[in-house]
Amino acid sequence: MSAGTEPDSSSRSDEEWERFLRESVAGAPAAPKEPSARAREVAKRLSAEPARTPEGWRSYTPARPKRRTGWYAAGLFASLGLLAVVALAPGRVVDLFAGAGSQPSAAETARPTQAPPAGAAQRPTREEPFRGSPAAGWASGAEGITVPKAEAVGWMGAAEVERALARSRDFLLAAGTDRGVLRGEHPEKAIGMINPHQKDVQDLLKTAFHAPTEKNDPLLLFSRFQPSRTHLVGDTVKVRGRLDYQEGERGALQVTADVTFVYPVTRSGAGGDDEIVRTIVRRELVLSWDDPAKVITEPGTFSIVSYKYDVTNGGCGAPTGYFAPPFGTDRRADGAGTEIDPYDRSAPVGQGGPSEGRCGKATRS
């Protein structure tokens, strides 16, 4: 026996010889092949990803909707805008909700060319005292008086003109909307804005409240009602008008005011009587902010150059220092004068009817 371990061929079985011959003809099976570099890289990436569960045909998950940040932002800005309007112009916002169907009127920047159109005839109520009148769409308080942009005039710079215009508007409001003054109290605040050295006006103020006459009547400058006779309905006075200015005498700032006030009132102690009358007063004043180097005056005060007014539903009797709105049968007797549309601001005061408080019959109120 040799030293090697190779088996003797004579000991092979018939099956082994048959397999040997087949493989000799067909060739031996191919040896395992080395994977390529790309195959190795793909296998490495797949092994690193977490295993996924195959998605069933009923397990579809819809895509997550996009957030509509634009709508949210728009809503936020709209809310902030409304809050700003409430803070800066509360009178205007209240008026937007006062009076069913009334539309807010645009600010008056120049004299209108015609009277406002007549709306549907509606009786005023305590809840809606301006219903059925153009005043339903007017603003109240300072929002109802348009103040122009200030520029330097005469002895005043632009900033001084701006302050003078604001103070002129404050005088109109103190004289025409102050609740105490409307109830007959002495108009201390408004009088304090008038030049104390203007003799003719000071003489009027000394006598008008104690012994009113046609020429010395506090109603020439102030709106007043006698509480024992007349009760104001609500807390709102509707206002519409504007200020203009130019250079006056001796370089003064001359301010012209044209403003209409609407006062809803009822009879004091009326109880269940629902009759509401609107007293409508239109005032036109010319104020002079004088140069203290040329005119004796006091800081922050003005001189009154002229004043006149129209009034309807204010009474036609002898001067008493108060407006006396007519009620019931008195209202029919009080309307025998010249007809006047109290909402028509297209003509100067006095040209469309009686002026300086003389009786006029309102075509509407």
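Hydrogens, waters and symmetry mates play no part in the numbers below; they use all other heavy atoms, side chains included.
The ring-ring contact (aromatic ring centres under 6.0 Å, His included) check on Tyr343 picks up Trp138, with sequence neighbours excluded. Take Thr177 and apply the side chain to side chain donor-acceptor pair (under 3.5 Å) test, not counting sequence neighbours, and it matches no residue. With sequence neighbours excluded, no residue forms a salt bridge (charged side-chain N to carboxylate O under 4.0 Å, His left out) with Asp217. A search for side chain to side chain donor-acceptor pair (under 3.5 Å) contacts involving Asp178 returns nothing, not counting sequence neighbours. Applying the side chain to side chain donor-acceptor pair (under 3.5 Å) rule to Thr363 yields no partners; only residues at least two apart in sequence or on another chain are considered. Scanning for salt bridge (charged side-chain N to carboxylate O under 4.0 Å, His left out) contacts around Arg345 gives Glu108, Asp258, with sequence neighbours left out.
Side-chain N or O atoms of Lys238 include none that pairs as donor or acceptor with a backbone N or O of Val262 at under 3.5 Å.
For Arg179, the CZ atom counts as densely surrounded, since its 6.0 Å shell holds more than 12 non-hydrogen atoms of other residues, nucleotides or ligands.
In this structure, CG on Leu285 lies 8.0 Å from CZ on Phe302, to the nearest 0.5 angstrom. Residue Leu253 holds its CG atom at 9.5 Å from CG of Asp290, rounded to the nearest 0.5 Å. In this structure, Arg240 CZ and Ile145 CD1 are separated by 12.0 Å, a value rounded to the nearest 0.5 Å. For the atom pair CG of Asp310 and OG1 of Thr260, the computed distance is 8.5 Å after rounding to the nearest 0.5 Å. Once rounded to the nearest 0.5 Å, the distance linking OG1 of Thr301 with CD1 of Ile194 reads 9.5 Å. Within the model, atoms CE of Met193 and CD1 of Ile304 stand 11.5 Å from one another, a figure rounded to the nearest 0.5 Å.
Transitive grouping of hydrophobic side chains (ILVMFWY, heavy atoms separated by less than 4.5 Å) brings Val239 and Tyr307 into a common cluster. Hydrophobic clustering (ILVMFWY, side-chain heavy atoms < 4.5 Å, transitive): Tyr322 and Phe225 are in distinct clusters. Taking hydrophobic clusters as Ile, Leu, Val, Met, Phe, Trp and Tyr residues chained together by side-chain heavy-atom distances below 4.5 Å, Met156 shares a cluster with Val147. Two different hydrophobic clusters hold Val286 and Ile191 under the rule that ILVMFWY side chains link at heavy-atom gaps under 4.5 Å. Both Val201 and Val255 are members of a single hydrophobic cluster when ILVMFWY side chains are connected at heavy-atom separations under 4.5 Å.
For residues 163-173, the side chain to side chain donor-acceptor pair (under 3.5 Å) pairs, not counting sequence neighbours, are Ser168-Trp289. Identified under the salt bridge (Lys or Arg N to Asp or Glu O under 4.0 Å) test for residues 190-210, with sequence neighbours left out: Lys199-Asp203. For residues 218-234, every residue pair satisfying the side chain to side chain donor-acceptor pair (under 3.5 Å) rule, not counting sequence neighbours, is listed here: Ser223-Tyr263, Ser223-Arg283. Pairs of residues two or more places apart, or lying in two chains, that qualify as side chain to side chain donor-acceptor pair (under 3.5 Å) and include a residue from residues 181-196 are Asn195-Ser303. Residue pairs meeting the salt bridge (Lys or Arg N to Asp or Glu O under 4.0 Å) criterion with at least one member in residues 244-257, sequence neighbours excluded: Arg242-Asp244. For residues 146-161, the set of pairs meeting the side chain to side chain donor-acceptor pair (under 3.5 Å) definition, not counting sequence neighbours, is empty.
For the pair Ser365 and Ser133, the tightest heavy-atom approach, listed with the atom from each and the gap, is O-CB, 3.9 Å. Taking each heavy atom of Glu298 and Pro196 in turn, the nearest pair found is CG-CG, 3.6 Å. Between Pro227 and Ser268, the shortest heavy-atom distance links the atoms O-OG, 2.8 Å. Considering all non-hydrogen atoms of both residues, Thr279 and Gly314 come closest at CG2-CA, 4.1 Å. Shown here for Ser140 and Thr236, the closest heavy-atom pair between the two residues is CB-CG2, 3.7 Å. Residues Pro129 and Pro124 approach most closely at O-CB, 3.4 Å, considering heavy atoms.
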_side chain to side chain contact (heavy atoms under 4.5 Å, CB included) between Val259 and Arg282, worked out_ = CA-CA 6 Å; Val259 183; Arg282 181 183 173 194; over 6 Å; no
*Take Asn313 and Ile280 through the test side chain to side chain contact (heavy atoms under 4.5 Å, CB included) and record every step on the way to the result.*
CA-CA 7 Å; Asn313 294 331; Ile280 306 167; 5.5 Å; no
*Check against side chain to side chain contact (heavy atoms under 4.5 Å, CB included), Ile276 and Val265*: CA-CA 6 Å; Ile276 295 175; Val265 295; over 6 Å; no
*Evaluate side chain to side chain contact (heavy atoms under 4.5 Å, CB included) for Arg267 paired with Val277, printing each intermediate quantity in order.*
CA-CA 9 Å; Arg267 195 197 315 263; Val277 172; over 6 Å; no
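Contact check for Leu182 versus Val237: side-chain heavy atoms found under the 4.5 Å cut-off. Contact check for Leu243 versus Leu172: side-chain heavy atoms found under the 4.5 Å cut-off. Within the 4.5 Å cutoff, the side chain of Tyr245 has heavy atoms near those of the Leu165 side chain. Side-chain contact between Pro134 and Arg364 is present, with heavy atoms from C-beta onward closer than 4.5 Å.
Ring planes of Tyr309 and Phe323: perpendicular class, angle over 60° (limits at 30 and 60°).
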